[in-house]
Protein chains: 2
Amino acid sequence: MLAKNISIPKIARKCEEVSGLLRSLSHPQRLMILGHLAQGPKTVSELQKLCDLQQSQLSQFLGRMKLEGLVACERKGRFQFYSAADKRIVELIGAIQKIFCE
Amino acid sequence: MLAKNISIPKIARKCEEVSGLLRSLSHPQRLMILGHLAQGPKTVSELQKLCDLQQSQLSQFLGRMKLEGLVACERKGRFQFYSAADKRIVELIGAIQKIFCE
DNA sequence: TTATTATATTATTCTTTTGTAATATGTCAA
DNA sequence: TTGACATATTACAAAAGAATAATATAATAA
């Protein structure tokens, strides 16, 4: 139950930033979106089918997650390809799955 | 950037539960509280000093985190000792620190 | 029993988030 | 250029969360 190796000072400095990221993941469908993006880039309409969301809300979620630094996007023709913003995000999703889904 | 080993079906089933946990961690001071509790049990007043919170708000946060299954508590005399609810919570805090604070 | 310390609850106001609908923009094909 | 498709933005009502103050309960010591 103990974790002596966790450094509070380190966490403290990052608390604002990290809690912001976690807030973005604190919605079931945003968590789902990032779960899919952790597997590779997807267009908005692909995500819409995968997550069963209204177009408008999905777009709002993606915009918010982009601002928060969780996802990145790149337009190709008329499609926007969204993906996990960086390695840390993929690692976080991986850790969550390892801890809670195994 | 990819994580082919992440299973979406597994995450999907747990999305509601896990996003709820993450929501509890999505506040800087709640994250801080759990950071401290991951190191061992603490009384409310110890946490109050460590996290610089008003007594009332701390108590409300703790109550909420208890409902959410993040923390457990045990009364000893006039003190309530709070601790991380289980191993998964400690692991999650450890993973967050490893990914974002190193 | 009373005073004191430790913690919890309630009430209230303010802010943020959610869900939804409507509308706008951007890109391509015909 | 027009139409169709893909995505983004805006607006707004309803719900949830945050901060704060005031009050209540629970345990102990004197």
Side-chain angles (χ1 to χ4, degrees), chain A residues 12 15-37 40-85, chain B residues 12 15-37 40-85:
Chain A
C15 259
E16 288 286 341
E17 176 196 347
V18 174
S19 63
L21 294 184
L22 295 177
R23 166 151 296 183
S24 273
L25 292 183
S26 74
H27 184 288
Q29 284 166 306
R30 285 196 301 260
L31 183 56
M32 190 72 191
I33 290 168
L34 211 57
H36 284 293
L37 293 184
K42 303 267 180 298
T43 68
V44 178
S45 32
E46 284 172 332
L47 288 172
Q48 196 177 341
K49 281 171 204 155
L50 288 168
C51 302
D52 190 31
L53 273 164
Q54 287 208 330
Q55 187 274 319
S56 166
Q57 193 171 24
L58 175 55
S59 197
Q60 288 177 66
F61 281 166
L62 288 170
R64 175 195 172 142
M65 290 196 279
K66 190 180 173 191
L67 268 182
E68 192 71 58
L70 284 166
V71 304
C73 66
E74 185 185 3
R75 184 178 273 276
K76 285 181 186 162
R78 48 179 147 170
F79 296 93
Q80 284 277 16
F81 282 84
Y82 279 85
S83 54
Chain B
C15 259
E16 289 286 341
E17 176 196 346
V18 174
S19 63
L21 295 184
L22 295 178
R23 167 149 296 187
S24 274
L25 292 183
S26 74
H27 184 287
Q29 285 167 304
R30 285 196 302 259
L31 182 56
M32 191 70 192
I33 290 169
L34 211 58
H36 285 292
L37 293 184
K42 303 267 179 298
T43 67
V44 177
S45 31
E46 283 171 332
L47 287 171
Q48 195 176 341
K49 281 170 203 156
L50 288 168
C51 302
D52 190 34
L53 273 164
Q54 287 208 330
Q55 187 273 318
S56 167
Q57 193 172 22
L58 175 54
S59 199
Q60 287 178 68
F61 281 165
L62 289 169
R64 176 195 172 142
M65 289 197 280
K66 190 178 174 192
L67 268 182
E68 191 71 58
L70 282 167
V71 305
C73 67
E74 185 184 3
R75 185 176 272 278
K76 284 181 186 162
R78 48 179 147 169
F79 296 93
Q80 284 276 15
F81 283 83
Y82 279 84
S83 54

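Proteins come first, then strands; the chains are lettered A, B, ... in the order of their sequence lines, and each starts at number 1.
Put simply, NZ on A/Lys49 is 14 Å from C1' on D/dT7, counting in whole angstrom units. Rounded to an integer number of Å, the gap from CZ of B/Phe61 to C1' of D/dA18 is 7 Å. Atoms NZ (A/Lys66) and C1' (D/dA8) sit 11 Å apart, rounded to a whole Å. Atoms CD (A/Gln29) and P (C/dT17) sit 17 Å apart, rounded to a whole Å. Atom pair A/Gln54:CD and C/dT20:C1' shows a separation of 6 Å (rounding to whole Å applied). As rounded to whole Å, 14 Å separates atom P of D/dA6 from atom CG of A/Leu47. As rounded to whole Å, 11 Å separates atom P of D/dT9 from atom CG of A/Leu62. Taking atom CZ of residue B/Arg23 and atom P of nucleotide D/dG17, one finds them 6 Å apart after rounding to whole Å.
Judged by distance alone, the side chain of A/Arg75 and the main-chain N or O of A/Gly77 form a donor-acceptor pair under 3.5 Å. Side-chain atoms of A/Ser19 come within 3.5 Å of backbone N or O of A/Cys15 as a donor-acceptor pair. Judged by distance alone, the side chain of A/Glu46 and the main-chain N or O of A/Thr43 form a donor-acceptor pair under 3.5 Å.
For A/Gln80, taking side-chain heavy atoms from C-beta onward, the closest of the listed nucleotides C/dT18, D/dT7, D/dA29 is D/dT7. Among the nucleotides C/dT18, D/dA26, D/dA18, the one closest to any side-chain atom of A/His27 is C/dT18.
By the 4.5 Å heavy-atom criterion applied to side chains, A/Glu68 and A/Leu21 are counted as neighbours. Proximity of A/Tyr82 to A/Met65: side-chain heavy atoms (C-beta onward) are nowhere separated by under 4.5 Å.
Residue A/Arg64 has a polar side-chain atom (N or O) positioned under 4.0 Å from OP1 or OP2 of C/dT18. A close approach under 4.0 Å does occur between a side-chain nitrogen or oxygen of B/Arg30 and OP1 or OP2 of D/dA18. At D/dA6, none of the side-chain N or O atoms of A/Tyr82 fall inside 4.0 Å of OP1 or OP2 (strictly under the cut-off).
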**Study point:** nucleotides 9-14 of chain C: protein proximity per nucleotide (B base, S sugar-phosphate only, - neither; heavy atom, under 4.0 Å)
**Key:** BB----

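Take the nearest nucleotide of DNA chain C for A/Lys76 and for A/Ser26: the residue whose nucleotide is more 5' is A/Ser26.
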Exercise for review: Given side-chain contact (heavy atoms from CB on, under 4.5 Å), test A/Arg23 with A/Arg64 step by step and report yes or no.
Suggested key: CA-CA 11 Å; A/Arg23 166 151 296 183; A/Arg64 175 195 172 142; 3.2 Å; yes

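For the pair A/Gln29 and A/Asp52, the tightest heavy-atom approach, listed with the atom from each and the gap, is NE2-O, 3.5 Å.
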